[in-house]
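Report on the structure given below.
These values consider heavy atoms only, across backbone and side chains, with no hydrogens, waters or symmetry-generated copies.
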Amino acid sequence: MAVNDYLKRLLVETISNNINEVIIGYDATPPTSADGSAGRPAITLTPTVRILDNSTILIEAVIPTTEVFEDTLKEVYIQFKDSNGFTPISRHVFRPVTKTSDVEMKIQILYEVN
C-alpha cells in the first residue's frame, strides 16, 4: 500500500528539519548503507535545506572562493548534529574536483521520498 500524501509530507518535513551539516571530504571509497561518518573530512558547511514539494528535498551548500584544498574533493556527507552527537543521513561520492580560489563550489543534493 502506498503512503498517503499527508504522511509523505510529514516524513519530508522531518528529514529536512534534521539536516544541519554537510561535510565535504577527500575519501572516494564506495558509499554504503552502513556509513557512519565522513572518511577524510576537508570542510564542514551549514546547508540550506528546502522542501520543493510533498516528496522532494533540496540540500545546498557552498564552498566559498576563500577556501582552497591541496587534495581533490571526492565526497559529500550529510548529517544531523546536536549536543548529543551526530546522526548520519547519507554519503555520496563524486568525480574528483580540484577546488582553487578561482571558483566557488556549490553542492546540490536532491532527495526524493517515495
Are [X] and [Y] side-chain neighbours, meaning at least one heavy-atom pair lies under 4.5 Å?
X	Y	answer
I59	T48	no
S90	Y77	no
I19	F80	no
Q108	L58	yes
I89	Y111	yes
L10	K8	no
H92	I109	yes
Y26	L73	yes

Atom [atom1] of [X] and atom [atom2] of [Y]: how far apart are they, to the nearest 0.5 Å?
X	Y	atom1	atom2	value
I78	T87	CD1	OG1	14.0 Å
S16	I57	OG	CD1	5.0 Å
E67	T100	CD	OG1	12.5 Å
L45	M105	CG	CE	9.5 Å

Item to complete: Would you name the heavy atoms of V68 and S101 that are closest together and state the gap between them?
Response: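 Looking at all heavy atoms of both residues, the shortest contact is CG2-N, 3.6 Å.
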Discussion item. Quick check: closest heavy atoms across S55 and V12, and the distance to 0.1 Å?
Written reply: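 Residues S55 and V12, closest heavy atoms: CA-CG2, 3.8 Å.
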Hydrophobic clustering (ILVMFWY, side-chain heavy atoms < 4.5 Å, transitive) - are [Y] and [X] grouped together?
X	Y	answer
I51	V49	yes
I107	V103	no
I63	V93	no

Discussion item. Which residue in the set N54, T14, I15 passes side chain to side chain contact (heavy atoms under 4.5 Å, CB included) when paired with V113?
Written reply: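 Only one of N54, T14, I15 forms a side chain to side chain contact (heavy atoms under 4.5 Å, CB included) with V113, namely I15.
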Item to complete: Give me the one residue out of I23, V22, I24 that meets side chain to side chain contact (heavy atoms under 4.5 Å, CB included) with I43.
Response: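 Only match with I43 under side chain to side chain contact (heavy atoms under 4.5 Å, CB included): I24.
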May I ask you to decide if [Y]'s main-chain N or O and [X]'s side chain share a donor-acceptor pair within less than 3.5 Å?
X	Y	value
N20	K81	yes
K99	P64	yes
T56	D53	no

Worksheet item: For R91 and T29, does a side-chain donor sit closer than 3.5 Å to a side-chain acceptor?
Response: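 Looking only at side-chain atoms, T29 and R91 do form a donor-acceptor pair, the distance falling under 3.5 Å.
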Discussion item. Quick one, R50 with E60, criterion side-chain contact (heavy atoms from CB on, under 4.5 Å). Give me CA distance, side-chain angles, the key distance, then yes/no.
Written reply: CA-CA 9 Å; R50 291 188 327 211; E60 295 181 305; 4.2 Å; yes
Practice prompt. Test side-chain contact (heavy atoms from CB on, under 4.5 Å) on E112 and N114 and set out the steps.
Written response: CA-CA 6 Å; E112 186 175 8; N114 289 317; 3.7 Å; yes
